[in-house]
Amino acid sequence: MAGLSGLGGCGAGEPAAGDADAREVTVFAAASLTGAFTELGEAFEAAHPGTTVRFNFGSSATLAQQIVQGAPADVFAAASPATMKTVTDATAAGSPTTFARNRLRIAVPPDNPARVDELKDLADPKVKVALCAEQVPCGAAAVKALEAARLKVTPVTLEQDVKATLTKVQLGEVDAALVYETDVIAAAGKVTGIAFPEADLAVNDYPIATLAGAGDAARRFVDLVLSRQGGDVLAEAGFGSREPGREPG
């Protein structure tokens with residue numbers, strides 16, 4: 001399994017017959033999926049010898065634009081239906097399937113120097129807050145949650161994906177950030193997560209789809225994500241079921 005060092009080159013669909021050792025599946029996935037998808041990629045490679053899964057993790061909005069502009073990819077897993085729609089509207093993907101859900105948490109340093117306890121504390125101008133940019137799914141969810149709470153928060157930084165936002169907390173550059181529950185779990189011991197009721201009004205659905213020209217290996221990877229095994233890995237990472245009351249898989 002490998003990451004992507006660049007976006008040039010040919011597409012990553014099925015190879016010519018007899019060239020099984022060269023098979024690749026290129027997956028563009030939301031940054032919040034890094035841990036779970038890396039584990040699923042390893043499981044997929046173990047079950048399909050000779051096939052390599054290559055990941056490009058980042059902002060769903062950025063990844064969608066890269067796909068529409070012709071970046072070679074086989075699978076897109078987004079952190080919101082809106083970013084997936086950018087790709088499906090360009091007829092660059094098949095019908096998407098929702099495979100998981102995620103909700104926001106307040107992340108603070110372990111010692112919580114600003115004594116943040118609830119969402120309204122982020123409106124205090126003395127509290128340095130990091131948010132995702134509004135055009136990316138974690139930022140759109142933050143806007144929705146803050147509007148539901150009727151709060152105005154002025155962040156000191158707006159980041160392009162949730163991992164970068166969380167890093168600001170880990171480095172002690174901000175007092176708090178709004179990130180996904182899964183990112184708080186992945187950073188256990190490095191940040192503390194604080195639940196807040198408005199998060200239930202800003203839950204993100206995660207859709208996945210194969211892209212135009214993708215081969216059978218890409219479809220099998222999507223099947224793994226949608227399977228019981230995939231659901232178990234996602235649940236362990238903190239993702240919710242893909243439909244209320246229904247577990248993935």
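Hydrogens, waters and symmetry mates are skipped; everything else that's a heavy atom, side chains included, is used.
- Ionic pairing of R101 and D205 is present here: one or more N-O contacts between side-chain nitrogen and carboxylate oxygen are shorter than 4.0 angstrom.
- Residue L146 holds its CG atom at 8.5 Å from CD of E198, rounded to the nearest 0.5 Å.
- Looking at every heavy atom in both residues, M84 comes nearest to A78 through N-CB, 4.1 Å.
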Mind running side chain to side chain contact (heavy atoms under 4.5 Å, CB included) on T52 and E45 for me, showing each step along the way?
-> CA-CA 6 Å; T52 299; E45 289 179 349; 3.8 Å; yes
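- For V233, the side-chain contact (heavy atoms from CB on, under 4.5 Å) partners at least two apart in sequence or on another chain are A36, E39, L40.
- Across L63 and A30, no two heavy atoms sit closer than the pair CD1-N, 4.1 Å.
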Which is it for D175 and V129 under the side chain to side chain contact (heavy atoms under 4.5 Å, CB included) test, yes or no, and what are the steps along the way?
-> CA-CA 6 Å; D175 299 311; V129 178; over 6 Å; no
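- A donor-acceptor contact shorter than 3.5 Å is absent between the side chain of D89 and the backbone of T86.
- Side-chain contact between V75 and V222: present, with at least one pair of heavy atoms (C-beta onward) separated by less than 4.5 Å.
- Here the CG-CZ distance, from L119 to R105, works out to 12.0 Å after rounding to the nearest 0.5 Å.
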Going through the distances and angles, do V169 and V191 end up as a side chain to side chain contact (heavy atoms under 4.5 Å, CB included)?
-> CA-CA 7 Å; V169 180; V191 302; 3.8 Å; yes
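- Judged as a ring-ring contact (aromatic ring centres under 6.0 Å, His included), and not counting sequence neighbours, the contacts of Y206 are F239.
- Every residue two or more places apart in sequence or in another chain that forms a side-chain hydrogen bond (donor to acceptor under 3.5 Å, both in side chains) with D200 is listed here: R103.
- Between R54 atom CZ and E24 atom CD the span is 5.0 Å, to the nearest 0.5 Å.
- To the nearest 0.5 Å, the span separating OG on S95 from CD1 on I208 amounts to 13.5 Å.
- Under a cut-off of 6.0 angstrom, the local environment of CD in E134 is sparse, with at most 12 non-hydrogen atoms contributed by other residues, nucleotides or ligands.
- The two atoms that bring Q66 and F28 nearest to each other are OE1-CE2, 3.6 Å, heavy atoms only.
- The existence of a salt bridge linking R219 and D216 is confirmed by a sub-4.0 Å separation between a basic side-chain nitrogen and an acidic carboxylate oxygen.
- One hydrophobic cluster, built from ILVMFWY side chains closer than 4.5 Å, cannot hold both I185 and L104; they sit in different ones.
- For the side-chain hydrogen bond (donor to acceptor under 3.5 Å, both in side chains) test, no residue two or more places apart in sequence or in another chain qualifies with S60.
- Taking the six-membered ring for Trp and the full ring otherwise, the centers of F44 and F221 sit less than 6.0 Å from each other.
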Could you tabulate the donor-acceptor pairs under 3.5 Å formed by side-chain atoms of residues 147-157, not counting sequence neighbours?
unit_1 : atom_1 : unit_2 : atom_2 : d
T157   : OG1    : E159   : OE2    : 2.5

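- Closest non-hydrogen pair, I106 versus A176, comes out as CG2-CB, 4.1 Å.
- Heavy-atom neighbours of E236 CD from other residues, nucleotides or ligands within 6.0 Å: at or below the threshold of 12.
- Linking Ile, Leu, Val, Met, Phe, Trp and Tyr residues whenever their side-chain heavy atoms come within less than 4.5 Å places F99 and V25 in a single cluster.
- Rounding to the nearest 0.5 angstrom, the gap separating the CG atom in L131 from the NZ atom in K168 is 12.5 Å.
- The line from CD1 of I194 to CG of D121 is 8.0 Å long, rounded to the nearest 0.5 Å.
- With sequence neighbours excluded, no residue forms a side-chain hydrogen bond (donor to acceptor under 3.5 Å, both in side chains) with D161.
- Judged by distance alone, with hydrogens and angles left aside, the side-chain atoms of D183 form no donor-acceptor pair with the main-chain N or O of V179 at under 3.5 Å.
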Taking it one step at a time, do T210 and D74 satisfy side chain to side chain contact (heavy atoms under 4.5 Å, CB included)?
-> CA-CA 6 Å; T210 54; D74 299 304; over 6 Å; no
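- The closest side-chain heavy-atom distance from T97 to P207 is not below 4.5 Å.
- Defined by atom type and a distance below 3.5 Å, a donor-acceptor pair is missing between the side-chain atoms of N204 and S80.
- Residues L122 and V143 do not share a hydrophobic cluster, clusters being chains of Ile/Leu/Val/Met/Phe/Trp/Tyr side chains in contact below 4.5 Å.
- Taking both residues in full, the closest heavy atoms of E181 and N102 are given as N-OD1, 3.8 Å, listed atom of the first, atom of the second, then distance.
- Between F37 and F57, the ring planes are perpendicular. Angles over 60° get that label, and only those under 30° would be called parallel.
- Closest non-hydrogen pair, S32 versus K163, comes out as CA-CE, 4.3 Å.
- Cluster membership check: V203 does not share its hydrophobic cluster with Y180, using side-chain heavy-atom separations under 4.5 Å among Ile, Leu, Val, Met, Phe, Trp and Tyr.
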